[in-house]
There are 2 protein chains.
Amino acid sequence: MGSVTTPKQDRSRATRQRLLESAVTCLAEHGWTGSTVTVVAEHAGVSRGAAQHHFPTREDLFTAAVEYVAEERSAELRALDGERGTHAAVDALVGLYTGPLFRAALQLWVAASNEPQLRPRVTDLEARIGRETHRMALRLLGADETRPGVRETVQGLLDMARGLGLANLLTDDSARRARVVTQWATILDDVLR
Amino acid sequence: MGSVTTPKQDRSRATRQRLLESAVTCLAEHGWTGSTVTVVAEHAGVSRGAAQHHFPTREDLFTAAVEYVAEERSAELRALDGERGTHAAVDALVGLYTGPLFRAALQLWVAASNEPQLRPRVTDLEARIGRETHRMALRLLGADETRPGVRETVQGLLDMARGLGLANLLTDDSARRARVVTQWATILDDVLR
DNA sequence: AATCCAGCAAGCACGCTTGATTGTTTCTTC
DNA sequence: GAAGAAACAATCAAGCGTGCTTGCTGGATT
């Protein structure tokens with residue numbers, strides 16, 4: 001009975017989890033329209049019917065995936081806590097915008113700009129993550145938001161990080177990014193203090 | 001013979017031009033996969049067969065559209081020449097990353113990250129435009145690139161502009177953008193001088 | 001004036017994706 | 001141990017986009 005583990009439930013949750021992870025991966029690799037339910041299911045190692053069992057329609061699957069991406073990004077953000085030093089902070093923040101999670105999020109933004117039903121969900125979650133990121137940035141940088149200009153400076157930094165992530169979409173931009181990060185870390189050191 | 005105007009040729013060129021403009025508009029409004037040849041042709045006011053006559057395949061149409069976007073962006077960039085003052089310069093540069101042309105370019109970047117045949121064309125043209133933009137930024141800001149750090153500072157500014165443009169994709173970000181621009185303009189005024 | 005050919009419109013066939021239906025296995029519960 | 005439900009697999013029909021083919025119009029060539 002239910003006293004011990006319920007393997008059926010476990011397996012079900014596992015496949016559901018695998019499907020969501022697969023959706024994120026496929027989003028980053030094949031884009032929005034390239035991430036067909038067949039592709040996602042095959043990548044997850046489950047049949048299409050199984051995917052359809054958990055998420056009756058494609059929209060159901062990807063609305064869940066959008067929330068999943070948001071949670072993962074939030075977790076990745078919280079994992080940054082503890083970084084000290086301006087350069088390390090900037091590097092860590094910029095690092096948020098490279099990697100598969102940001103790639104998936106980027107695909108979702110662009111898709112949401114065209115798909116009306118996707119737009120509100122993405123904008124809401126993005127606004128929430130944006131606020132979280134801003135708070136964490138202030139914390140890592142040890143910045144005092146009450147001082148005039150600090151808020152806009154940090155926002156600009158995060159916008160720069162987004163832009164660097166975007167530049168990294170098509171070509172490996174690591175080398176240039178590192179130089180920009182060190183330069184702006186020193187600039188911020190002067191501005192914020 | 002061809003001594004005077006050849007109206008047939010003119011009409012042909014006009015249709016071709018309209019198709020390219022329509023492709024860019026549809027790209028910005030409906031995205032890559034949403035910009036079907038039927039949609040582009042209808043938006044241009046020509047039949048699908050006409051579009052297919054000028055561009056036998058969809059790939060032909062959009063490879064031409066990619067170059068067209070690059071040319072338009074280059075023209076928009078050159079039109080900035082003459083802006084003086086750091087704030088005006090930053091504002092103008094950031095302005096490059098808002099508006100339909102950047103939206104279209106953004107859709108192309110994301111599409112190119114998934115479509116292998118599109119990627120090299122987009123990356124090549126983007127690299128060229130990137131260099132042009134950097135040169136123009138140095139010029140508008142009156143920056144001396146030989147000084148250490150100036151190159152990375154300006155690159156970071158342009159990355160921020162890209163990030164602001166990306167943030168403007170889903171929601172109207174004008175108000176926040178204006179504040180960030182003024183703040184970063186003052187920062188650059190300090191750093192570059 | 002007669003012929004030719006580029007520009008253009010309409011229709012058809014193919015492949016792909018989605019959503020729905022039906023059948024099969026596996027676990028729970030009495 | 002058997003009945004029932006849940007998870008999963010396999011197949012089918014409908015819609016859409018692409019590419020190709022056919023047929024027509026209006027300038028260009030001789």
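Proteins get letters first, then strands, A, B, ... in listed order; numbering begins at 1 in each.
Candidate nucleotides C:dC8, D:dA9, C:dA20 were compared by shortest atom distance to the side chain of B:Ala50, and C:dC8 ranks first.
Residues A:His134 and A:Glu145 bring a donor and an acceptor atom of their side chains to less than 3.5 Å of each other. A donor-acceptor pair shorter than 3.5 Å cannot be found between the side chains of A:Asn168 and A:Thr98. Neither side chain, B:His54 nor B:Thr15, offers a donor N or O lying under 3.5 Å from an acceptor on the other. No side-chain donor from either of A:Gln117 and A:Thr63 sits under 3.5 Å from a side-chain acceptor of the other. Side-chain contact of B:Thr171 with B:Asp173: a donor-acceptor pair under 3.5 Å is absent, judged by distance alone.
Within the 4.0 Å cut-off from OP1 or OP2 of C:dG7, not a single side-chain nitrogen or oxygen of B:Thr15 is found.
In this structure, A:Arg177 fails the cation-pi test against A:Trp184, since its NZ or CZ atom is not both closer than 6.0 Å to the six-membered ring centre and inside 45 degrees of the ring normal.
Look at CZ on A:Arg48: it is 6 Å from C1' on C:dT18, rounded to the nearest Å. Distance CZ (B:Arg13) to P (C:dG7): 11 Å, rounded to an integer number of Å.
Under a 4.0 Å N-O distance rule, the pair B:Asp81/B:Arg78 does not qualify as a salt bridge. B:Arg73 has a carboxylate O that lies under 4.0 Å from a charged side-chain N of B:Glu126, or vice versa, which qualifies the two as a salt bridge.
Residues from residues 53-69 of chain B that place a heavy atom under 4.0 Å from any atom of DNA chain C, listed by number: B:His53, B:His54. A heavy atom closer than 4.0 Å to some atom of DNA chain C occurs in A:Thr36, A:Val37, these being the qualifying members of residues 29-38 of chain A. Residues from residues 39-47 of chain B with heavy atoms under 4.0 angstrom of DNA chain C, sorted by number: B:Ser47.
What you find for A:Val154 and A:Ala137 is that their closest heavy atoms are CG1-CB, 3.7 Å. Residues A:Arg162 and B:Gly163 share a closest heavy-atom pair of NE-O, 3.6 Å.
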